[in-house]
Amino acid sequence: MAAAAVPLRPLCRLCRVVLFLSQFYILSGGGSFSEEPSQPLPQAIKDPSPTRTFTAVPRAAESTDIPPYVMKCPSNGLCSRLPADCIDCKTNFSCVYGKPVTFDCTVKPSVTCVDPDFKSQKSFILNMTCRFCWQLPEADYECSSSSNCRAVSCPRQRYAANCTVRDHIHCLGNRTFPKMLYCNWTGGYKWSTALALSITLGGFGADRFYLGQWREGLGKLFSFGGLGIWTLIDVLLIGVGYVGPADGSLYI
């Protein structure tokens, strides 16, 4: 028994040293066995981003603030020469057609004009002829064109066009109106060239080929101009303008 107790002494001394060191570690605060709940870590406080201030910058006056008709109105020009879109007139529809008539007119807002003495004025008298816009001469209005109708036909064909009165022309009623006009356009064919070909080479159908009528040209070519009869007839028809280009246009 005495021999077995000898090797246990160093082991007991070692346990005492370990126990002493563990108690010393706990008392010094290096560890804690308390069951108190751990304090939650403070949450990171996010600094709000600096408030951005947007300063509303007033925009410049847009072009829509200016009436669209002002673009057509010359500045500091004669009031009597202003376009119809720039003035307001007290029209008298009881005037006699074709007779001179005077109307009391005023310029529209944002329009400046002068009298013959170069003095600014807002009201003036307008002299014109009593007639509706659709009764004006053809030189006083512009119409849409059409290339889908035949200019050379019997009877002559017409097409529906939209016409607009020129700016400086004054008249009664609507300034835009429909009108039936004769087909009047050209494809570049010359009457003199067609007539010369008909006289010189008409027996070979050169005139018909030039005008784009290739079927008639082949007929004249293989019949030698209808033994000369067809040639003479074509000379007459082209000379008076009855036979024209195949596309229905006019000669130039």
Side-chain angles (χ1 to χ4, degrees), residues 54-153 155-188 247-252:
F54 297 93
T55 304
V57 179
R59 294 185 179 180
E62 298 181 357
S63 58
T64 54
D65 296 336
I66 302 176
Y69 58 80
V70 175
M71 303 300 296
K72 299 181 180 180
C73 307
S75 179
N76 296 325
L78 291 176
C79 295
S80 58
R81 296 293 298 169
L82 286 175
D85 294 337
C86 304
I87 59 177
D88 290 322
C89 298
K90 297 180 180 179
T91 56
N92 181 12
F93 292 95
S94 62
C95 59
V96 180
Y97 171 75
K99 299 294 183 180
V101 62
T102 59
F103 294 134
D104 295 330
C105 302
T106 57
V107 297
K108 291 183 178 180
S110 303
V111 178
T112 58
C113 62
V114 296
D115 60 5
D117 296 331
F118 300 100
K119 295 180 180 180
S120 179
Q121 64 176 166
K122 292 295 183 181
S123 300
F124 61 97
I125 296 177
L126 179 65
N127 298 316
M128 57 177 290
T129 304
C130 180
R131 56 190 172 186
F132 287 94
C133 294
W134 59 270
Q135 296 173 325
L136 291 172
E138 294 184 359
D140 292 341
Y141 55 83
E142 297 179 348
C143 298
S144 59
S145 59
S146 174
S147 58
N148 296 326
C149 57
R150 295 181 59 86
V152 180
S153 62
R156 293 185 63 185
Q157 292 185 1
R158 295 174 180 260
Y159 70 97
N162 291 325
C163 303
T164 304
V165 181
R166 301 184 185 275
D167 290 339
H168 297 282
I169 303 299
H170 299 279
C171 55
L172 301 177
N174 295 328
R175 299 184 61 82
T176 301
F177 53 90
K179 197 166 187 177
M180 297 297 295
L181 299 178
Y182 284 109
C183 297
N184 187 18
W185 64 285
T186 179
D247 58 4
S249 63
L250 295 176
Y251 290 113
I252 57 175

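All figures in this text were calculated on a predicted structure; none of them were measured in a lab. Reckoned from all heavy atoms, side chains included, excluding hydrogens, waters and symmetry mates.
Sulfur-to-sulfur, C73 and C113 sit at least 2.5 Å apart at their SG atoms. With 2.5 angstrom as the limit on SG-SG distance, C79 and C105 do not come in below it.
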Give the C-alpha distance, both sets of side-chain angles, the deciding distance and a yes or no for side chain to side chain contact (heavy atoms under 4.5 Å, CB included) between V101 and T129. CA-CA 6 Å; V101 62; T129 304; over 6 Å; no
Tell me, with the steps shown, if V107 and K122 meet side chain to side chain contact (heavy atoms under 4.5 Å, CB included). CA-CA 6 Å; V107 297; K122 292 295 183 181; 3.4 Å; yes
Hey, mind stepping through Y141 and F177 against side chain to side chain contact (heavy atoms under 4.5 Å, CB included) and telling me if it holds? CA-CA 10 Å; Y141 55 83; F177 53 90; 4.0 Å; yes
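Taking every heavy atom of both residues into account, M128 and L172 meet most closely at CE-N, 4.4 Å. The minimum heavy-atom distance linking S75 with T112 is given by the pair OG-OG1, 3.4 Å. Between V111 and C86, the shortest heavy-atom contact is CG2-O, 4.3 Å. In this structure, F103 and K90 approach most closely via the heavy-atom pair CD2-O, 3.5 Å. H170 approaches R175 most closely through the heavy-atom pair CA-NH1, 4.1 Å. The heavy-atom pair separating K179 from W134 by the smallest distance is NZ-O, 3.7 Å.
Rounding to the nearest 0.5 Å places NE2 of H168 at 6.0 Å from CZ of R81. Rounding to the nearest 0.5 angstrom, the gap separating the OG atom in S80 from the CG atom in D115 is 9.5 Å. The OG1 atom of T102 sits 9.0 Å away from the CG atom of L126 when rounded to the nearest 0.5 Å. To the nearest 0.5 Å, atoms CD (E138) and SG (C143) are separated by 7.5 Å.
Within a 6.0 Å sphere centred on CG of L78, heavy atoms belonging to other residues, nucleotides or ligands number more than 12. For F118, the CZ atom counts as loosely surrounded, since its 6.0 Å shell holds 12 or fewer non-hydrogen atoms of other residues, nucleotides or ligands.
Remark: M180 pairs with R158, A160 by the side-chain contact (heavy atoms from CB on, under 4.5 Å) rule, at least two apart or across chains. Take Q121 and apply the side chain to side chain donor-acceptor pair (under 3.5 Å) test, not counting sequence neighbours, and it matches no residue. Residues passing the salt bridge (Lys or Arg N to Asp or Glu O under 4.0 Å) test with D85, sequence neighbours excluded: K72.
A donor-acceptor distance shorter than 3.5 angstrom exists from the side chain of S144 to the backbone of N162, with no hydrogens or angles considered. A donor-acceptor pair is defined here as one N or O able to donate and one able to accept, closer than 3.5 Å; no such pair exists between the side chain of D117 and the backbone of K119. Under a 3.5 Å cut-off, the side chain of N174 and the backbone N or O of T176 do not form any donor-acceptor pair.
Considering only heavy atoms from C-beta on, I87 stays 4.5 Å or farther from T106 through its side chain.
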